[in-house]
Asks: 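Input: one structure, supplied below.
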Amino acid sequence: MDSEPLGLILVENGTKGDRLLFRFPFMGGTQRSSVSEMKRKNPYSFLVPEDTAISKHIGMLGTDFSNYSSKVLSHICAVKSELCGKKFELKVNEVRFVGHPILLPTSERPTGCRPGRNVSGMLLFSIVFALRATANHSIVDCYHDLSKRIGIAILYEEKRCNYLTKQSKRMLSIQDEYHEDESKGSPFERMLSECQLSRELKTIFDCIRSEGRIHVRLNGWVLVSFCLPQKAYSLHYPHLSIKPSDLHQCIRNLMPYHTILLLIERDELLSRLPLDSSPALKRLIRVLNPTRSIQSLAADADVALDHVLELCGYLVYWAFGTPIFPLCDANAYVIAPFTPSSVSGRLAEKFSEEFPGCSFIKVLSEYALPVSIGEKRTPFQTQEEESEMLEMILWLLKQRILMQIHTYVALIIPQDHQTTRRKFDSLELRSDSRTPSESDRFSNDSDEVASSLTTSGISDNLLPSSLSSAERLAILKVPRASDPEDLKLFAKYEDSWVLERRKSTKESRDIGNKRRRFSMKPSSGDRTRSCRAKFLQ
């Protein structure tokens, strides 16, 4: 995958030139010997095309990070002091190197050291990640941010206790020992057992490749926390491409009427949190319930609502949870597009493990058409069957197999009433000889009410200024518009982006802080339409 790094490099540049301090992964003794055997013994000999082993090795030099020598990597990744504090990005064949060089200050020295230039002669250092050249810009930016975070943490420890200077001296001494006797193997393997910084960098590399999340305390002091959302979400949804910008937009759209559905078990999530994590976050995780809104969870956890929204955003970004609407009888669900329905697929196997004795295909068939939770309830269901049904819905939502159906309201104002009337006449939908119906009388009454309200100036005071004159006139024709309280409530919905940003009826009720007792019912004189649309969680 493009989100997984190919390697990690620690380089430094100083008075003695650029040097590579540590790299991971590295070639062991057996790998080095096998590579040396494949090299030509005579530098003036020709490369025979039939020698497939050597050809394969040379062809892999561009893509296999371990085949790059330490000297080549030090020349590539060590930059001049003018580039410090900026993003470093370099593409070589099929490998892209990303880092953030950091300049070591010479005026400030750690406690116990003499002022001036540091003893080791180190001027700058850089943590560089080797990525695939096909990695998109969002992944490259994330690794640049990670390199910057690690570098700042190492710089802090260097100022505090001369941490980098001590570790670099030990790394260079080990390299000198192995340079004199190459038969010993790789010096980086010994660094893992003797150098703490090497072990910490290896832990960072392994964590980012395995789960995309990092909680490492450098030198047992500075905590480095980082999440690569592309990798973290790929563990739950392998075929889903997520960018950090998408997650930031999702977090900004979190509302008090939403809730969080955990993607991992509650106990496992609590065990993964750092020891000094927020107590409010732990309380929120313990009270999380997919049937209660964030606003209710804030009251249960005794935490301010704004802080709970921030904590929910943390859970979403770190791929610990996904936002949904709280489960209720009115929620309607249907199978999401492109859902694999293979009997022997990965999802079918996971479903059989989670719900033994239940058929995955049969459960999917129940949601072939939109169905609400209330419609699935029967008076003959036991409490165990009802809880199992809700657990199945939550599991299907976690796997993105189901999506929720929402109802949206749109205000449609015809531009030309005469054109609409001629269309009806051509279709012979009305007769010249018919008597005035109740709807005609109702429409005439609405016109009179609208004209009276317009002349009195009530509409100008209550309705938003963003509405056009045609929209104002159509709204005032609604009989409920004669009640100023209802007109104020409608204006409140419009100000809350119910119409312009296509908020669903569930969201509009929560925005207006109203229950189902109030709803707009389109009559024959209205041009208000309600439509059902699909919304993928």
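Residue numbers count from 1 along this sequence.
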Asks: Do Tyr156 and Tyr163 touch side chain to side chain, with heavy atoms closer than 4.5 Å?
Replies: no
Asks: Take Arg199 and Gln196, measure what side chain to side chain donor-acceptor pair (under 3.5 Å) needs, and give me the verdict at the end.
Replies: CA-CA 5 Å; Arg199 292 192 298 269; Gln196 183 178 353; 5.1 Å; no
Asks: Tell me whether Lys231 contacts the main-chain N or O of Glu4 through its side chain, where contact means a donor paired with an acceptor under 3.5 Å.
Replies: no
Asks: Does Arg149 count as lying over the ring of Phe226, i.e. NZ or CZ under 6.0 Å from the six-ring centre, within 45 degrees of the axis?
Replies: no
Asks: Could you pull out the closest heavy-atom pair between Ser277 and Lys282, with the gap in Å?
Replies: OG-CE, 3.0 Å
Asks: So, the side chain of Asn253 versus the backbone of Gln249: is there a donor-acceptor pair under 3.5 Å, distance only?
Replies: yes
Asks: Given side chains that start at C-beta, do those of Arg217 and Asp276 come closer than 4.5 Å, heavy atoms only?
Replies: yes
Asks: Using side-chain heavy atoms (C-beta onward) and a distance below 4.5 Å, is Met171 in contact with Leu197?
Replies: yes
Asks: Could you tell me whether a side-chain N or O of Glu89 sits under 3.5 Å from a main-chain N or O of Arg96, the two making a donor and an acceptor?
Replies: no
Asks: Once side chain to side chain donor-acceptor pair (under 3.5 Å) is applied, what residue pairs with a partner in residues 356-368 remain, sequence neighbours excluded?
Replies: Glu366-Lys376
Asks: Would you sort out whether Phe24 and Asp206 count as a side chain to side chain contact (heavy atoms under 4.5 Å, CB included), showing the intermediate values?
Replies: CA-CA 10 Å; Phe24 190 84; Asp206 292 338; 3.8 Å; yes
Asks: Which value, rounded to the nearest 0.5 Å, describes the distance between Lys148 atom NZ and Leu155 atom CG?
Replies: 12.5 Å
Asks: Does the side chain of Leu131 reach to within under 4.5 Å of the side chain of Pro5, using non-hydrogen atoms?
Replies: yes
Asks: If we check side-chain contact (heavy atoms from CB on, under 4.5 Å) with Ile260, which of these qualifies: Ile324, Ile285, Val316?
Replies: Val316
Asks: Grab the two heavy atoms, one from Leu228 and one from Ser3, that are nearest each other, plus how far apart they are.
Replies: CD2-O, 3.3 Å
Asks: Quick check: does any side chain N or O of Glu158 sit under 3.5 Å from a backbone N or O of Leu164, one acting as donor and the other as acceptor?
Replies: yes
Asks: Any ion pair linking Glu157 and Arg160 (charged N to carboxylate O, less than 4.0 Å)?
Replies: yes
Asks: How about CG on Leu240, more than 12 heavy atoms from neighbouring residues, nucleotides or ligands closer than 6.0 Å, or not?
Replies: yes
Asks: Would you name the heavy atoms of Ser168 and Leu21 that are closest together and state the gap between them?
Replies: CB-CD1, 3.8 Å
Asks: Assess whether side chain to side chain contact (heavy atoms under 4.5 Å, CB included) is satisfied between Trp318 and Ser225, documenting all intermediate values.
Replies: CA-CA 11 Å; Trp318 283 68; Ser225 296; 4.1 Å; yes
Asks: Scan Ile373, Ile401, Ile405 and name whichever one has a side-chain contact (heavy atoms from CB on, under 4.5 Å) with Tyr333.
Replies: Ile373
Asks: Could you tell me which non-hydrogen atom of Met255 sits nearest to which non-hydrogen atom of Ile294, and how far apart they are?
Replies: O-CD1, 3.6 Å
Asks: Looking at CD1 of Ile264 and CG of Leu269, how far apart are the two atoms once the value is rounded to the nearest 0.5 Å?
Replies: 4.5 Å
Asks: Does some side-chain heavy atom of Val363 sit less than 4.5 Å from a side-chain heavy atom of Trp395?
Replies: no
Asks: Given Phe351 and Met392, is the side chain to side chain contact (heavy atoms under 4.5 Å, CB included) satisfied, shown in steps?
Replies: CA-CA 9 Å; Phe351 183 84; Met392 286 185 181; 4.3 Å; yes
Asks: Cut-off 3.5 Å, no hydrogens considered: what does the side-chain donor-acceptor table look like for residues 6-13, sequence neighbours left out?
Replies:
unit_1: Glu12; atom_1: OE2; unit_2: Arg19; atom_2: NE; d: 2.5
unit_1: Glu12; atom_1: OE2; unit_2: Arg19; atom_2: NH2; d: 2.7
unit_1: Asn13; atom_1: ND2; unit_2: Val79; atom_2: O; d: 3.1

Asks: Measure up the Tyr233 and His236 rings against each other and bin them: parallel (under 30°), tilted (30 to 60°), perpendicular (over 60°).
Replies: perpendicular
Asks: Are more than 12 heavy atoms from other residues, nucleotides or ligands located less than 6.0 Å from atom NZ of Lys91?
Replies: yes
Asks: Between Tyr317 and Cys250, is there a side-chain heavy-atom distance shorter than 4.5 Å?
Replies: no
Asks: Can you tell me how far NZ of Lys350 sits from OG of Ser352, rounded to the nearest 0.5 angstrom?
Replies: 12.0 Å
Asks: Please name the pair of heavy atoms, one in Ala298 and one in Val308, separated by the smallest distance, quoted to 0.1 Å.
Replies: CB-CG2, 3.7 Å
Asks: Please check this pair: side chain of Asn289 against backbone of Thr291, looking for a donor-acceptor N/O pair closer than 3.5 Å.
Replies: yes
Asks: With a 6.0 Å cut-off (strictly less than), is the heavy-atom count around CD of Glu268, excluding the residue itself, greater than 12?
Replies: yes
Asks: What closest approach, in Å, do Pro229 and Leu247 show between heavy atoms, and which atom pair accounts for it?
Replies: CB-CD1, 3.4 Å
Asks: Nearest 0.5 Å please: distance from the CZ atom of Arg23 over to the CE atom of Met191.
Replies: 11.0 Å
Asks: Should the pair Glu194-Arg190 be classified as a salt bridge under the 4.0 Å nitrogen-to-oxygen rule?
Replies: yes
Asks: Heavy-atom count check: over 12 atoms from other residues, nucleotides or ligands less than 6.0 Å from Lys87 NZ?
Replies: yes
Asks: Kindly compute the distance separating CG (Leu396) from CD1 (Ile335), expressed to the nearest 0.5 Å.
Replies: 9.0 Å
Asks: Would you please test Cys312 and Leu297 for side chain to side chain contact (heavy atoms under 4.5 Å, CB included) and show each step?
Replies: CA-CA 11 Å; Cys312 291; Leu297 295 175; 6.0 Å; no
Asks: For a 4.5 angstrom cut-off between non-hydrogen side-chain atoms, does Leu146 reach Ile214?
Replies: yes
Asks: Please assess Glu211 against Arg272 for the test salt bridge (Lys or Arg N to Asp or Glu O under 4.0 Å), listing each intermediate value before the final yes or no.
Replies: CA-CA 12 Å; Glu211 59 178 355; Arg272 288 189 178 189; 3.5 Å; yes
Asks: Considering only heavy atoms from C-beta outward, does the side chain of Ile127 approach that of Phe22 to under 4.5 Å?
Replies: no
Asks: Strictly distance-based, threshold 3.5 Å: is any side-chain N or O of Arg170 a donor or acceptor partner for the main-chain N or O of Cys195?
Replies: no
Asks: Are any side-chain N or O atoms of Asp2 and backbone N or O atoms of Arg132, one a donor and one an acceptor, separated by less than 3.5 Å?
Replies: no
Asks: Looking only at atom types and distance, does a side-chain atom of Ser147 sit under 3.5 Å from a main-chain N or O of His144, one as donor and one as acceptor?
Replies: no
Asks: Looking at His258 versus Phe325, is the centre-to-centre ring distance below 6.0 Å?
Replies: yes
Asks: State the CG-CZ distance between Leu281 and Phe320, to the nearest 0.5 angstrom.
Replies: 9.0 Å
Asks: When you measure from the side chain of Arg292 to the backbone of Val287, do you find a donor-acceptor pair of N or O atoms at a distance under 3.5 Å?
Replies: no
